[in-house]
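Only this structure's heavy atoms are used, side chains among them; waters, hydrogens and symmetry mates stay out. Just so we're on the same page: letters track the sequence lines, and every chain starts at 1. Since the model is a prediction, treat every value here as computed from it, not as a measurement.
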Amino acid sequence: MKLAALQTAFQDAILDEAGEIIAAIMPSRQLDSAARFAIYADAYRSRLAEFLANDYPVLHLALDDQDFGMLAAAYIDSTPSAHRNARWYAHALPDFMRAHTPWCDSKIFADLALFERALSDAFDAADAPSLDATALGSIAPDEQPRLCFAFTPSVALLTLQQGTAAYYEAAIENQAASLPETAGEETLLIWRGAVQQPFYRIVEEDEALALAAATSGASLEEICGLLSLRNEAETAASQAAAFLLHWFADGLVAGLSCR
Amino acid sequence: MQKPSPLGFGLGLRPIYYPDILEQKPPVDWFEIISENFMVPGGRPLSLLDAIRTDYPIVMHGVSMSIGSTAPLDHDYLSALKALAERVEPAWISDHLCWTGVHGANLHDLLPMPYTEEALDHVVARIARVQDFLGRRIAIENVSSYVTFASSEMDEWTFVQEVAERADCWLLLDVNNIFVSAFNHDFDATAFLHAIKPDRVVQLHLAGHSDYGTHKIDTHDEPICAKVWALYEEACRCFGSASTLIERDDNFPPFAELVAELDHARDIARKPHTAVEAVA
Ligand SMILES: [Fe+2]
């Protein structure tokens, strides 16, 4: 068999458990050809399942071994890896869950997966030095309304089922926790902070609104405008200022510009 | 053909040991990284690597080059590898004599080659292209394998030696892989060592494996066994001062245990034996 045909047959047999490769394999003294090939086929599935378990430990815990195993098997069947890095293989798991039953029927599991993925993404997102609030000193007062913000690449906002973060925290600390059942939502801000570890905090509605606008390029004036739809104009301005200082303190802001 | 200077006795750099390495500056001569683990946009792994490499020489060891595949060479991968090498300035770059997938898939495994003239021509041409692209010789490692292809026309060691000669690359001989494959394919491990010319060998790997009775698997989750140490002693006789590296990828012991294993390798390598290189 030519090299290209051999590799195609070998791979097909691993992915689809078809048997055509067996005739190309010699038995050993101890194992027949099929048993020898099975070493590769089994290793493929268990290796991918291990990637998933490594990247979604809390989801694994929430689903238990059996259900996580079922999820992993379904994902592996539907999704051959096209990535050189194990982490990228595991990356599409939350999207798979949201598109397939039974996982799309209970939002909390996919939300846990989304949260764990966001933490991994923050961990190795691109580096960018963050500014502290003194950088605001370089902006002339009359330019401040037109001020826009660039955020560090690790910054992400996720809206998930209420209680997702609390469940995650309890699970990580080995405390018993029950899955949240409320239908409400919470917005989580995730970023890579001090000592290069992922951080997260729950942001209240007003800050979530301001952050969503700021991360999509809104100016300070526009952010104040959004907040004033919900509060008095004066309150909105001081709210915006407080949020801004918090973002600087968290190390989220990488750049300032005026439109 | 000037071989890179020997680095001595090193360990695979794994995240679990970062604190030990950064806080204790242990007596390890060098570290080998898994290249793919550092092909990420940024963050802690890259910055810790920057810190560690101020104190230790680094070798880049990849698992995804897929040099034996009939799929086209992955230029994105090679560009990322080259960019990482520019940052890390490794003593050398290595990958495996294997393939990892075709038709766009990556099976995340070091899949075996048939030892045929066709495969030899194919892999030799690919190594030459990669070396041209990277602007340096690479080191190619023999893998553990669990099947023998009916189409093979030569011994693994003939194939490996021919690859090195014809592609003009270095060799990274994994002593444990030779041991594992010798059991699985019922060949004499020392015959493999004796068939390889020392002028190509820049590095040796040592690791533990799992014994399933009917076959052995290269799992890197156990201490190095006595028979592999014995084979390493023979490898030292054959290849003299080749840099030695212990790989551990699971069931991680305290770091001191790996340092002790490394000392054992030093003791074996220091034993008076006639290195082939010294005689030649
Ligand atoms: Fe190895």
Let's test your reading of the structure: which of [options] forms the most heavy-atom pairs below 4.5 Å with chain A?
options	value
B/D109, B/N184, B/N37	B/D109
B/V40, B/D76, B/T148, B/D186	B/T148
B/L111, B/L107, B/I217	B/L107
B/P112, B/S152, B/G213, B/P114	B/P112

Backbone N/O of [Y] and side chain of [X]: donor-acceptor pair under 3.5 Å:
X	Y	result
B/N106	A/S81	no
A/D124	B/G43	no
A/Q7	B/T70	yes

Under a 4.5 Å heavy-atom cutoff, which of [options] has the most pairs with chain B?
options	answer
A/A122, A/P27, A/A82, A/A128	A/A82
A/Q30, A/Q11, A/M26, A/K2	A/Q11
A/P153, A/P80, A/A24	A/A24
A/Y89, A/F37, A/F10	A/F10

ask   = Do B/H215 and A/S28 have side-chain atoms, one donor and one acceptor, less than 3.5 Å apart?
value = no

ask   = How many angstroms lie between CZ in A/R84 and CG in B/L81, if you round to the nearest 0.5 Å?
value = 9.0 Å

key: Distance, nearest 0.5 Å, that separates OH of B/Y146 from CG of A/L31   = 12.5 Å

Over all heavy atoms of both residues, which pair between [X] and [Y] is shortest? Give the atoms and the distance, please.
X	Y	result
B/P41	A/A126	CB-N, 3.4 Å
A/Y40	B/S145	OH-CA, 3.4 Å
B/H108	A/L48	CD2-CD2, 3.7 Å
B/S47	A/Q196	OG-OE1, 2.6 Å
B/H185	A/R36	ND1-NH2, 2.9 Å

request  = In sequence, state the C-alpha distance, the side-chain angles, and the governing distance for A/L3 and B/M113, and then conclude on side-chain contact (heavy atoms from CB on, under 4.5 Å).
outcome  = CA-CA 8 Å; A/L3 183 60; B/M113 300 294 293; 4.2 Å; yes

Structural part of [X] lying under 4.5 Å from a heavy atom of chain A:
X	answer
B/T116	neither
B/F38	neither
B/S64	side chain
B/T219	neither

Which answer fits [X], side chain, backbone, both or neither, if we ask what part of it has an atom under 4.5 Å from a heavy atom of chain B?
X	value
A/I14	side chain
A/R29	side chain
A/A4	both

request  = Assess whether atom CZ of A/R98 is packed by more than 12 heavy atoms of other residues, nucleotides or ligands within 6.0 Å.
outcome  = no

query = For A/Q175, does the CD atom sit with more than 12 other heavy atoms under 6.0 Å from it, leaving out its own atoms?
reply = yes

